[in-house]
Protein chains: 2
Amino acid sequence: MSLPHAILTALLEKPSSGLELTRRFDRSIGYFWSATHQQIYRELGRLEGEGLIRALPSEQPARGQKKAYEVLPAGREELARWTAASQDPKPHRDALLLRLRAAAVVGTEGLEDDLRRHRELHARQLETYREIERRDFPPGKGGTEDRLRHLVLRAGIDLETFWTQWLDHALAEFAALDVRGREG
Amino acid sequence: MSLPHAILTALLEKPSSGLELTRRFDRSIGYFWSATHQQIYRELGRLEGEGLIRALPSEQPARGQKKAYEVLPAGREELARWTAASQDPKPHRDALLLRLRAAAVVGTEGLEDDLRRHRELHARQLETYREIERRDFPPGKGGTEDRLRHLVLRAGIDLETFWTQWLDHALAEFAALDVRGREG
DNA sequence: CCGGCTTATGCAACTAGTTGCACAATGGAG
DNA sequence: CTCCATTGTGCAACTAGTTGCATAAGCCGG
């Protein structure tokens, strides 16, 4: 129930076409609410049908032509309502943790390489976030909006830091298990 | 593609009926791969159909009768294969971060209470994990299996710790914004 | 001026997870 | 011994997200 609200947020930040939205999701909002272009187009159609957004009138609506959307007052109200409404956290699902647990019964064979790979992916994502922080949030400035967005980015940075460290820890544990295994 | 593997793992740890599995998911595996009883029954049927598990022959298969399953060799092989296979991390989706970002454009009205509520939920989950750690992983013992399971539990503990602290930080930020808002 | 590449939009089918409910057996309480 | 809550199993419909592909316009090189 959140993709429409992610799109409303993005469109309020800046009216855009479907493809522009897709790109912005890839570089920003998608870090905590990812979506494919197919999802986005479908949802844009729904939101337009519900009268929450509208196509900017300047462009003609032919296939292969850019079509930009903006948020209507009803859309802003819906977003404000949703943002303020109490919501329970959704249960997480983490395949890597599940695989570790499975490895406890079927063996760790082949898992270590992928752990190392995931560690590198998280380290790279962390670096990306840090670059965004340097670029968009230089120290000691920013109004209310910037402070909130920075807060969200900090969550991303700290989470990637956490996973990088946790995977280091897991790999160290694997190394220790290997030694014990050889000795036993 | 992971629910069947979560079930195989659980069944290898201990053969169980659908309801027993459901309870164990609620208390353990479900912390990183949640599932409802409906999902579990459906999946047990599929896994049986594929010949990866079988119903223990002791009980009669009538409705309202307990029916326990155990993993067959093919099921163990499939789980080992899946565990070792390289997998890309799935994109995360976090509605709370999205709401913060939305609040940057539509205002923070009404959000603070829910932040506080989420903070308490995470604090409570953290306490649950710590109790499990005290109970199941007393310091200075445990074989390979225990060490891996402890590693997974540590991820849970550290993540809940992270979220509790991050939400404290966010709430402090909100308080600061309120002051600035009143003064401005 | 045509063939292929890029940009842009979008439909259809599929997979996974959620919600709502139904139904059978069992074990007390009255 | 009957009503009813609890335990246990399961189907059906729905929602959300993914994958694969189709289509159209514009542009650029030969």
Side-chain angles (χ1 to χ4, degrees), chain A residues 1-8 11 15-26 29-30 32-50 53-56 58-69 82 87-95 98, chain B residues 1-8 10-11 15-27 29-30 32-50 53-56 58-69 82 87-95 98:
Chain A
M1 274 306 297
S2 300
L3 177 59
H5 302 101
I7 290 177
L8 287 172
L11 285 181
S16 307
S17 69
L19 197 63
E20 281 164 355
L21 274 179
T22 303
R23 295 205 206 291
R24 289 171 56 206
F25 266 70
D26 286 347
I29 295 200
F32 47 90
W33 205 278
S34 69
T36 61
H37 70 102
Q38 292 94 330
Q39 269 180 289
I40 287 170
Y41 282 116
R42 190 198 318 184
E43 204 60 45
L44 284 171
R46 281 180 196 159
L47 288 168
E48 192 178 22
E50 289 167 10
I53 64 175
R54 69 163 181 184
L56 286 177
S58 55
E59 323 273 348
Q60 63 275 45
R63 211 186 173 93
Q65 298 293 93
K66 241 188 227 181
K67 196 165 62 172
Y69 292 90
W82 177 80
Q87 290 173 45
D88 285 335
K90 285 259 170 272
H92 354 125
R93 298 200 162 89
D94 189 311
L98 185 54
Chain B
M1 275 305 294
S2 300
L3 177 59
H5 302 99
I7 291 177
L8 287 172
L11 286 181
S16 306
S17 69
L19 195 64
E20 282 164 355
L21 273 179
T22 303
R23 296 204 203 294
R24 287 171 57 205
F25 267 69
D26 286 345
R27 280 184 287 101
I29 295 199
F32 48 89
W33 205 277
S34 70
T36 61
H37 69 103
Q38 293 93 330
Q39 272 180 286
I40 288 170
Y41 282 115
R42 192 200 314 184
E43 204 61 46
L44 283 171
R46 282 181 197 157
L47 288 168
E48 192 178 22
E50 288 166 12
I53 63 174
R54 68 164 181 184
L56 287 177
S58 55
E59 324 273 347
Q60 63 274 47
R63 211 188 172 90
Q65 298 293 90
K66 243 188 228 180
K67 194 165 65 174
Y69 293 89
W82 176 81
Q87 290 172 45
D88 286 333
K90 284 259 169 273
H92 354 124
R93 297 198 164 90
D94 189 312
L98 185 54

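Letters A, B, ... are given to chains in the order of the sequence lines, protein chains preceding strands, and every chain is numbered from 1.
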Whole Å only: how far is the [atom1] atom of [X] from the [atom2] atom of [N]?
{"X": "Lys67(B)", "N": "dA25(C)", "atom1": "NZ", "atom2": "C1'", "value": "15 Å"}
{"X": "His92(A)", "N": "dT18(C)", "atom1": "NE2", "atom2": "C1'", "value": "17 Å"}
{"X": "Met1(A)", "N": "dG17(C)", "atom1": "CE", "atom2": "C1'", "value": "16 Å"}
{"X": "Asp94(A)", "N": "dG17(C)", "atom1": "CG", "atom2": "C1'", "value": "17 Å"}
{"X": "Leu3(A)", "N": "dG17(C)", "atom1": "CG", "atom2": "P", "value": "18 Å"}
{"X": "Tyr69(A)", "N": "dG10(C)", "atom1": "OH", "atom2": "C1'", "value": "10 Å"}
{"X": "Asp88(A)", "N": "dG17(C)", "atom1": "CG", "atom2": "P", "value": "20 Å"}
{"X": "Leu19(B)", "N": "dT9(D)", "atom1": "CG", "atom2": "C1'", "value": "9 Å"}

Return no unless some side-chain N or O of Arg23(B) is found under 4.0 Å from OP1 or OP2 of dG8(D).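 True: Arg23(B) side-chain N/O within range (under 4.0 Å) of dG8(D) OP1/OP2.
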To the nearest 0.5 Å, what is the distance between [atom1] ([X]) and [atom2] ([Y])?
{"X": "Ser2(B)", "Y": "Leu8(B)", "atom1": "OG", "atom2": "CG", "answer": "11.0 Å"}
{"X": "Thr36(A)", "Y": "Tyr41(A)", "atom1": "OG1", "atom2": "OH", "answer": "11.0 Å"}
{"X": "Asp94(A)", "Y": "Trp33(B)", "atom1": "CG", "atom2": "CH2", "answer": "8.0 Å"}
{"X": "Leu21(B)", "Y": "His37(B)", "atom1": "CG", "atom2": "NE2", "answer": "13.0 Å"}
{"X": "Tyr69(A)", "Y": "Arg54(A)", "atom1": "OH", "atom2": "CZ", "answer": "13.0 Å"}
{"X": "Ile7(B)", "Y": "Ile29(B)", "atom1": "CD1", "atom2": "CD1", "answer": "9.0 Å"}

Using heavy-atom distances to pick each residue's nearest nucleotide on DNA chain D, tell me which of Tyr41(B) and Arg46(A) is more 5'.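 The answer here is Tyr41(B).
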May I ask you to say what Ser17(B) touches in the nucleic acid, namely base, sugar-phosphate or nothing, with a heavy-atom cut-off under 4.0 Å?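 Sugar-phosphate, no base atom in range.
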Are Arg23(B) and Glu20(B) within salt-bridge range, i.e. N to O under 4.0 Å?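 The answer is no: the pair does not qualify as a salt bridge.
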Protein-nucleotides 19-21 of chain C N/O pairs closer than 3.5 Å?
{"unit_1": "dG20(C)", "atom_1": "O6", "unit_2": "Gln38(B)", "atom_2": "NE2", "d": "3.1"}
{"unit_1": "dC21(C)", "atom_1": "N4", "unit_2": "Gln38(B)", "atom_2": "NE2", "d": "3.3"}

